[in-house]
Amino acid sequence: MREFDYQRAQDVSGAVALLGADPEARFLGGGTNLVDLMKSGVERPGRLVDVRELPLDRIESTAAGGLRIGATVTNSDLAAHPEVRRRYPALTQAVLAGASGQLRNMATVGGNLLQRTRCGYFADVAKPCNKRVPGSGCPAVEGEHRNHAILGASGHCVAVHPSDMGVALAAFDAVVEYETESGPGELALTDFYLPVGDTPHLETALPPGALVTAVTLPPAPAAASRYRKVRERASYAFAIGSVAAALDIQGGVVREARLALGAVASRPWRAHAAEALLTGGPADATAYAAAADAELAAAQPLPDNGYKVTLLRNLIVAVLTELTEEAAR
Ligand SMILES: Cc1cc2nc3c(=O)[nH]c(=O)nc-3n(C[C@H](O)[C@H](O)[C@H](O)COP(=O)(O)OP(=O)(O)OC[C@H]3O[C@@H](n4cnc5c(N)ncnc54)[C@H](O)[C@@H]3O)c2cc1C
Ligand code: SF4
């Protein structure tokens with residue numbers, strides 16, 4: 001591992017100044033992803049700016065009726081927060097479906113959104129990878145891609161974003177707040193991650209050196225919400241497909257639908273086509289299957305990950321049906 005300097009920031013402006021414009025410096029959250037990548041040589045920062053002592057570890061109600069979640073809130077504290085559990089249950093479920101208890105105790109909200117892909121070629125510095133070394137190629141397209149993207153990918157990269165939390169945040173219309181040397185800014189979570197195109201190494205719309213300071217949630221939807229994840233083993237493993245959904249049903253008609261998919265694209269995938277079809281339609285399995293088909297019509301599976309189309313279709317119908325049954329109780 002390359003030698004690096006370590007500094008602990010005490011306030012937000014200090015953290016941003018410490019990172020400065022140094023392209024070789026990185027913020028350190030819980031370190032559960034970054035340190036692994038440093039050990040494997042994928043990341044070789046010359047300086048780490050530890051953000052864990054910043055006063056960003058609180059979850060507060062906003063004047064608008066939502067929640068503001070500080071960027072250094074741990075995944076465990078986020079999942080356990082009474083207002084998150086009560087108003088945004090899919091978020092608690094998503095966070096608890098991720099990693100292990102020990103990891104969630106360390107991992108932060110900011111770090112979770114900015115964790116890197118689990119593509120095996122990305123993690124292996126002996127292999128080419130456009131995301132790690134732009135222009136070197138994407139061996140996953142013709143190689144191992146069982147867990148890779150079916151939506152929004154390009155021939156330059158077919159990796160998926162691994163965050164469970166991000167999928168629920170996308171369904172809840174979360175906004176990411178950040179701070180730079182020239183002032184604060186914010187991005188809707190759905191605009192936070194860049195399309196892959198021919199620049200898979202450019203992953204987010206954050207300005208260089210930006211510190212994520214918080215994630216803000218607007219008021220929760222009236223309806224119940226749910227997150228369901230499919231993985232290859234029951235203990236901690238990344239998703240091969242997941243769904244975050246909320247449905248407001250009145251008189252057998254869907255008044256409002258929120259739907260986001262995970263492990264299908266380079267970012268949490270907000271299912272706008274499905275939502276449009278669901279809204280105003282009947283609250284039944286036929287309509288849910290039609291909505292799933294509408295969203296997945298854009299899927300471009302590779303030879304070994306076509307199963308994800310069927311998996312996601314079934315998962316969407318199952319989660320929406322569960323929410324419908326819950327609403328009827
Ligand atoms: C065995 C294992 C299983 C896992 N399973 C899952 C899973 O099932 N689902 C899931 O979602 N995740 C899973 N994870 C990933 C885990 O959730 C992430 O490693 C964790 O959330 C990252 O948070 P962190 O605070 O440790 O980030 P770090 O490792 O500290 O940082 C990650 C990245 O974010 C940047 N960063 C950190 N904080 C900020 C900030 N405030 N502003 C700007 N940049 C910042 C860092 O510079 C770095 O680039 C797993 C990890 C492991 C090791
Ligand atoms: S899918 Fe993306 S991360 Fe994986 S090898 Fe290809 S370019 Fe690299």
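Reckoned from all heavy atoms, side chains included, excluding hydrogens, waters and symmetry mates. If you read the sequence from its start, that first residue is 1, and numbering goes on from there. As the structure lists them, so they are numbered: ligands from 1, and atoms in each ligand from 1. This structure is a prediction, so every number in the text was calculated from the model and none was measured.
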If we set the cut-off at 4.0 Å for heavy atoms, which region of [X] has an atom near ligand 1: side chain, backbone, both, or neither?
| X | result |
| --- | --- |
| Y236 | side chain |
| L103 | side chain |
| A239 | neither |
| K229 | side chain |
| S100 | neither |

Ignoring angles and geometry beyond distance, decide whether [X] reaches within less than 3.5 Å of ligand 1 through its nitrogen or oxygen atoms.
| X | value |
| --- | --- |
| R118 | no |
| F27 | yes |
| L34 | yes |
| V35 | no |
| R26 | no |
| D36 | no |
| A237 | yes |
| T32 | yes |

Looking only at the side chains, is there a donor atom on one of [X] and [Y] sitting less than 3.5 Å from an acceptor on the other?
| X | Y | answer |
| --- | --- | --- |
| Y288 | T324 | yes |
| T74 | N105 | no |
| T216 | E177 | yes |
| N75 | N112 | yes |

Members sharing V158's hydrophobic cluster, built from side-chain contacts under 4.5 Å between Ile, Leu, Val, Met, Phe, Trp and Tyr, are V141, L302
Could you list which atoms of ligand 1 come closer than 4.0 Å to a heavy atom of [X]?
| X | value |
| --- | --- |
| P162 | 9 (N), 10 (C), 11 (O) |
| A107 | 20 (C), 21 (O), 23 (O), 24 (P), 25 (O), 26 (O) |
| L211 | 40 (C), 41 (N), 42 (N) |
| N33 | 19 (O), 29 (O) |
| G30 | 24 (P), 25 (O), 26 (O), 30 (O) |
| S163 | 11 (O) |
| G98 | 7 (C), 8 (O), 9 (N) |

May I ask you to decide whether R258 forms a salt bridge with E275, counting only side-chain N to carboxylate O separations under 4.0 Å?
no
Assigning hydrophobic clusters by single linkage (Ile, Leu, Val, Met, Phe, Trp, Tyr; side-chain heavy-atom cutoff under 4.5 Å), is [X] placed with [Y]?
| X | Y | value |
| --- | --- | --- |
| L296 | L277 | no |
| L56 | L78 | no |
| L114 | V95 | yes |

For [atom], which protein heavy atom lies nearest, and how many Å away is it?
| atom | answer |
| --- | --- |
| atom 15 (C) of ligand 1 | Q115 OE1, 3.2 Å |
| atom 1 (S) of ligand 2 | V158 N, 3.3 Å |
| atom 17 (O) of ligand 1 | N112 ND2, 3.4 Å |
| atom 50 (C) of ligand 1 | F238 CZ, 3.2 Å |

Identity of the nearest option to [atom], non-hydrogen atoms only, from [options]:
| atom | options | answer |
| --- | --- | --- |
| atom 45 (C) of ligand 1 | V51, T213, T108, L114 | L114 |
| atom 5 (N) of ligand 1 | G29, A99, G70 | A99 |
| atom 42 (N) of ligand 1 | V176, D164, V212 | V212 |
| atom 30 (O) of ligand 1 | G111, G262, G31, G209 | G31 |

Hits for side-chain hydrogen bond (donor to acceptor under 3.5 Å, both in side chains) against T204, two or more places apart or cross-chain, chain-then-number order -> none
Those residues at least two apart in sequence (or on a different chain) that pass side-chain hydrogen bond (donor to acceptor under 3.5 Å, both in side chains) with K131 are E203
Check against side-chain hydrogen bond (donor to acceptor under 3.5 Å, both in side chains), S225 and Y88: CA-CA 7 Å; S225 67; Y88 307 91; over 6 Å; no
Any protein N, O or S atom under 2.8 Å from atom 8 (Fe) of ligand 2? Found C129 SG
*Heavy-atom side-chain proximity of E24 to R2 below 4.5 angstrom*: yes
Given side chains that start at C-beta, do those of F122 and R116 come closer than 4.5 Å, heavy atoms only?
-> yes
Is atom [atom1] of [X] surrounded by more than 12 heavy atoms (other residues, nucleotides or ligands) closer than 6.0 Å?
| X | atom1 | result |
| --- | --- | --- |
| Y236 | OH | no |
| E83 | CD | yes |
| E326 | CD | yes |

Next item on the list: Apply the test side-chain contact (heavy atoms from CB on, under 4.5 Å) to residues R47 and D22: give CA-CA distance (whole Å), side-chain angles for both, the deciding distance (0.1 Å), then the verdict.
Entry: CA-CA 9 Å; R47 189 146 47 96; D22 180 356; 3.0 Å; yes
Does the structure place the NZ or CZ of R146 under 6.0 Å from the centre of the six-membered ring of Y307, at an angle of no more than 45° from the ring's axis? yes
**Asked** Which word best sums up how the rings of Y193 and H161 line up, parallel for under 30°, tilted for 30 to 60°, or perpendicular for over 60°?
**Response** tilted
Between A291 and A274, the two heavy atoms sitting closest are O-CB, 3.4 Å
Under 4.0 angstrom from ligand 1, any heavy atom of A210?
yes
In ligand 2, the atoms that come under 4.0 Å of a heavy atom of H156 are 7 (S)
